[in-house]
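Just so you know, ligand 1 is whichever comes first in the structure, and atom 1 is the first atom listed for that ligand.
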Amino acid sequence: MTQGLEQRADRRPQAPGGPRAHTQGSSPAPDVNPHVRKWIDKCVEMCQPDALYWCDGTAEERRSLLERGVAEGVFLRLNQEKLPGCYLHRSNPNDVARTEQLTFICTPGEDMVGPTNNWMEPRQAYAKLRGLFNGCMRGRTMYVVPFVMGPVGSPLARVGVQLTDSVYVAASMGIMTRMGQVAWRELGAGDGGGDDFTRCLHSIGDVNPDRRYICHFPLDNTIWSFGSGYGGNALLGKKSLALRMASFLGWQQGWMAEHMLLMGVTEPGGRKSYLAAAFPSASGKTNFAMLIPPEKYRKQGWNITTVGDDIVWMWVDPSTGRLRAINPEAGYFGVLPGTNERTNPNAMATMARDTIYTNVALLPDGDVWWEGKTDEPPTEAVDWMGQKWTPSSGRKAAHANSRFTAPMTNNPVLDDLADDPAGVPVSGIVFGGRRSKVIPLVFQAFNWTHGVYVGATIGSETTAAATGQVGVVRRDPMAMLPFIGYNIRDYLVHWFRMRKRMSDCPRIFHVNWFRKGEDGRFLWPGFGENMRVLKWIVDRCHGQAYAVETILGWMPRPQDIDLEGLEIDLQDLESLQSVDAEAVKAELLSQEELFLRLAGDLPKEMVFQRELLISRL
Ligand code: GTP
Ligand code: SPV
Ligand code: MN
């Protein structure tokens, strides 16, 4: 059936005009195995695309996809002298962030997804979405996007195939994953080829939020997403496969998929440690992963390298009993507002070429701008919705969740082992939230079990990365609330039990870069200066720095954090690290929100840890 389609499309190189006429001819089919062929045939029959385009993942292809997008009005070519290989995409204004309320896990029983997920019964979900997918690609091209998550050859690497009618999504998947022929090779051709690939079906549909569904079928290794073309809703390798589906699989197979950055820290003596850190969406992962140490530290020989900025897959190496990790992704989908040469120069260098900018402002010379890129706004621009904009327009020029999509190979501080199938050993795990009050700059958990409790009770102020109210404190266990693909009870039990698989486990920490003073300004300078906290953390991982015991955990005294070269008054530092018993009591009460949702299902370790905290109070 796909064979016939290729011929038909070849005879119709140009479809009639109009915004939905997205057919620009097919490409020859590669030698895919019968499992793949059968599944694609079924999807083609349902969606009825006019053409089928098989992505091969070459550099020429990426350029041609971007240029197809330009022809369709999906991309604008930016100033190629200033920003070689860079393009601008404007998404539909109703489609600018993940929509958690429209995201479902579809399993036979509701108990499998637990109290923190939306649930749909699989047969009902398929029936509902089939109604939407039926004929939805008439007059359009279906892109076949094969991809591998994780370094090829890694024990955890997984293959996915995404079918999509969005050239923006196809081009973005090419940046975010190891996309192309490599995936078919991994899967195997011919009759001996494998069936173990995640079936990702995506259509942007008519971008109507009333007909938007992101449905995960963990038991079928299938994801169906309809009605959104943005970020985690549409780039299905990312949150859908690498977190929701993978967390479910990790639970069953004894490994972990987490919403974490992964960084290398090299000390003056040459010793290198790797840390994984979980901060909720838009709360500092990309920035921390690309940190440039203050001058004093650089001179001493401190160096930070990036393995990943958003997701890790971790397993216990049976030969050492230690946790190892890979970054399943190959690119960054990073927040733009607030990013500049001062806060994150490595991100600026990363997005200087071969980058897709989404929902930023366009300058008259074909450059881009977003709030915080420069201190002074441009005198005129076209805003993220395509409207004329000036500083007196009274609205943002770029969307608060505007982002860049860039290959990790552009990162000047990419870690040498970022593509190593064996991954890297993890010495420490850092949890963090965005908290203007109560939570100190840094503390260390007493042990793994306490650390899991600390991670499970992270509170964070919501951000523009998901639709909904911004700035309200919610519990975001392990920064995974929107991404745990199964019952949170089983997820927490899995975390506690992982300890038993390890002979030596990572130390666990909590940080908060976002505490504010009475006057509303950040007390901690953040960004590169986070190195000062990081040094204490790395020292603690090696049993070196001093700490005092507090009700929350081990904390550095002011003199244990090296402040040389930093202009911060001692009073601010004291406020940053202050732990107010009354405020912690209120914090404990606000954790009830999570505990009540879990009700009778709370793992006993959670109850014990809370009792211990109360007794310390
Ligand atoms: P996702 O991609 O949504 O998962 O976000 P992320 O966790 O990678 O967050 P990112 O590093 O992109 O930062 C989000 C926002 O927080 C940006 O506006 C940053 O400028 C800001 N930010 C990051 N680190 C710091 C910090 O140390 N201090 C302060 N004040 N702001 C920070
Ligand atoms: C997040 O929201 O945590 C992101 C962006 O990293 S998205 O890919 O849209 O999920
Ligand atoms: Mn994220």
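Side-chain atoms of V161 and C200, non-hydrogen and from C-beta on, never get closer than 4.5 Å to each other. Counting heavy atoms from C-beta outward, R515 and W513 have side chains that stay 4.5 Å or more apart. Looking at W370 and N359, their side chains never come closer than 4.5 Å, going by heavy atoms from C-beta outward. Using a 4.5 Å heavy-atom threshold, the side chains of W251 and Y491 count as separate. Looking only at side-chain heavy atoms (C-beta outward), R342 and F527 stay at 4.5 Å or farther from each other. The shortest side-chain heavy-atom distance between W315 and I326 falls under the 4.5 Å cut-off. Proximity of L156 to M314: side-chain heavy atoms (C-beta onward) are nowhere separated by under 4.5 Å.
Closest to atom 18 (O) of ligand 1 among all protein heavy atoms lies P337 O, 2.7 Å. Nearest protein heavy-atom neighbour of atom 9 (O) of ligand 1: G284 N, 2.8 Å. Remark: minimum distance from atom 9 (O) of ligand 2 to any protein heavy atom is reached at G232 N, 2.9 Å. The shortest contact between atom 1 (C) of ligand 2 and any protein heavy atom is with K239 NZ, 2.9 Å. If you check which protein heavy atom lies closest to atom 19 (C) of ligand 1, you get N287 ND2, 3.7 Å.
Taking any N or O of Y230, backbone or side chain, none lies under 3.5 Å from an N or O belonging to ligand 2. Between D310 and ligand 1, at least one N/O pair is under 3.5 Å apart. Taking any N or O of A282, backbone or side chain, at least one lies under 3.5 Å from an N or O belonging to ligand 1. Of the N or O atoms in S281, none lie within a sub-3.5 Å distance of an N or O in ligand 1. Backbone and side-chain nitrogen or oxygen atoms of D309 are examined, and none is located within less than 3.5 angstrom of a nitrogen or oxygen of ligand 1. Distances between N or O atoms of P525 and those of ligand 1 include no value under 3.5 Å. Every N/O-N/O distance between K238 and ligand 2 stays at or above 3.5 Å.
Each of R403, M290, M351 was compared with Y332 under the side-chain contact (heavy atoms from CB on, under 4.5 Å) criterion, and only M290 meets it. Partner M263 forms a side-chain contact (heavy atoms from CB on, under 4.5 Å) with one of V413, D309, L534 and no other, that one being L534.
Taking a cut-off of under 4.0 Å to the non-hydrogen atoms of P280, the atoms of ligand 1 that pass are 7 (O). Of all atoms in ligand 2, listed by their number and element, those nearer than 4.0 Å to a heavy atom of A465 are 2 (O). Close contacts of ligand 1 with F522, meaning ligand atoms under 4.0 Å from a residue heavy atom, involve 30 (N). Contact atoms of ligand 2 toward D310: 6 (O) (distance under 4.0 Å to a heavy atom of the residue). Atoms of ligand 1 lying under 4.0 Å from at least one heavy atom of H259, given by number and element, are 4 (O). Annotation for ligand 2: atoms under 4.0 Å from non-hydrogen atoms of R403 are 4 (C), 5 (C), 6 (O). Under a 4.0 Å criterion applied to the non-hydrogen atoms of H259, ligand 2 contributes the atoms 3 (O). Within ligand 2, counting atoms from 1 as listed, the ones closer than 4.0 Å to a heavy atom of S281 are 1 (C), 2 (O), 3 (O).
The closest approach between a heavy atom of K285 and any atom of ligand 2 is not below 4.0 Å.
One finds a salt bridge joining E100 and R98 here, because a Lys/Arg side-chain nitrogen approaches an Asp/Glu carboxylate oxygen to under 4.0 Å. Using a cutoff of 4.0 Å between basic side-chain nitrogens and carboxylate oxygens, R435 and E587 are scored as salt-bridged. In this structure, R90 does not pair ionically with D383, as no charged nitrogen and carboxylate oxygen lie closer than 4.0 Å. Using a cutoff of 4.0 Å between basic side-chain nitrogens and carboxylate oxygens, E529 and R532 are scored as salt-bridged. Using a 4.0 Å cut-off between charged nitrogen and carboxylate oxygen, D310 and K239 count as a salt-bridge pair.
Listed here is the closest heavy atom pair of D165 and G205: OD2-N, 4.3 Å.
The main-chain N or O of A406 is never found under 3.5 Å from a side-chain atom of N410 such that the two would form a donor-acceptor pair.
Under 4.0 angstrom from ligand 1, there are no non-hydrogen atoms of F288. The part of N530 lying near ligand 1 is the side chain, judged by heavy-atom distances below 4.0 Å. Neither the backbone nor the side chain of N233 has any atom closer than 4.0 Å to an atom of ligand 2 (non-hydrogen atoms only).
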Item to check | Audit row: N221, T198, side-chain hydrogen bond (donor to acceptor under 3.5 Å, both in side chains) steps and yes/no | outcome: CA-CA 5 Å; N221 205 1; T198 305; 2.8 Å; yes

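Side-chain atoms of D476 and S460 include no donor-acceptor pair closer than 3.5 Å. Side chain to side chain, N233 and S228 meet the donor-acceptor criterion of an N or O pair below 3.5 Å.
In this structure, of K285, M290, K239, R403, the residue bringing a heavy atom nearest to atom 2 (O) of ligand 1 is R403. In the candidate list E371, R434, R515, R434 is nearest to atom 16 (O) of ligand 1, counting heavy atoms. Checking W370, Y332, F527 against atom 32 (C) of ligand 1, the nearest heavy atom belongs to F527.
Protein contacts to the Mn ion (ligand 3) involving N, O or S atoms at a distance below 2.8 Å are K239 NZ, H259 NE2, D310 OD1.
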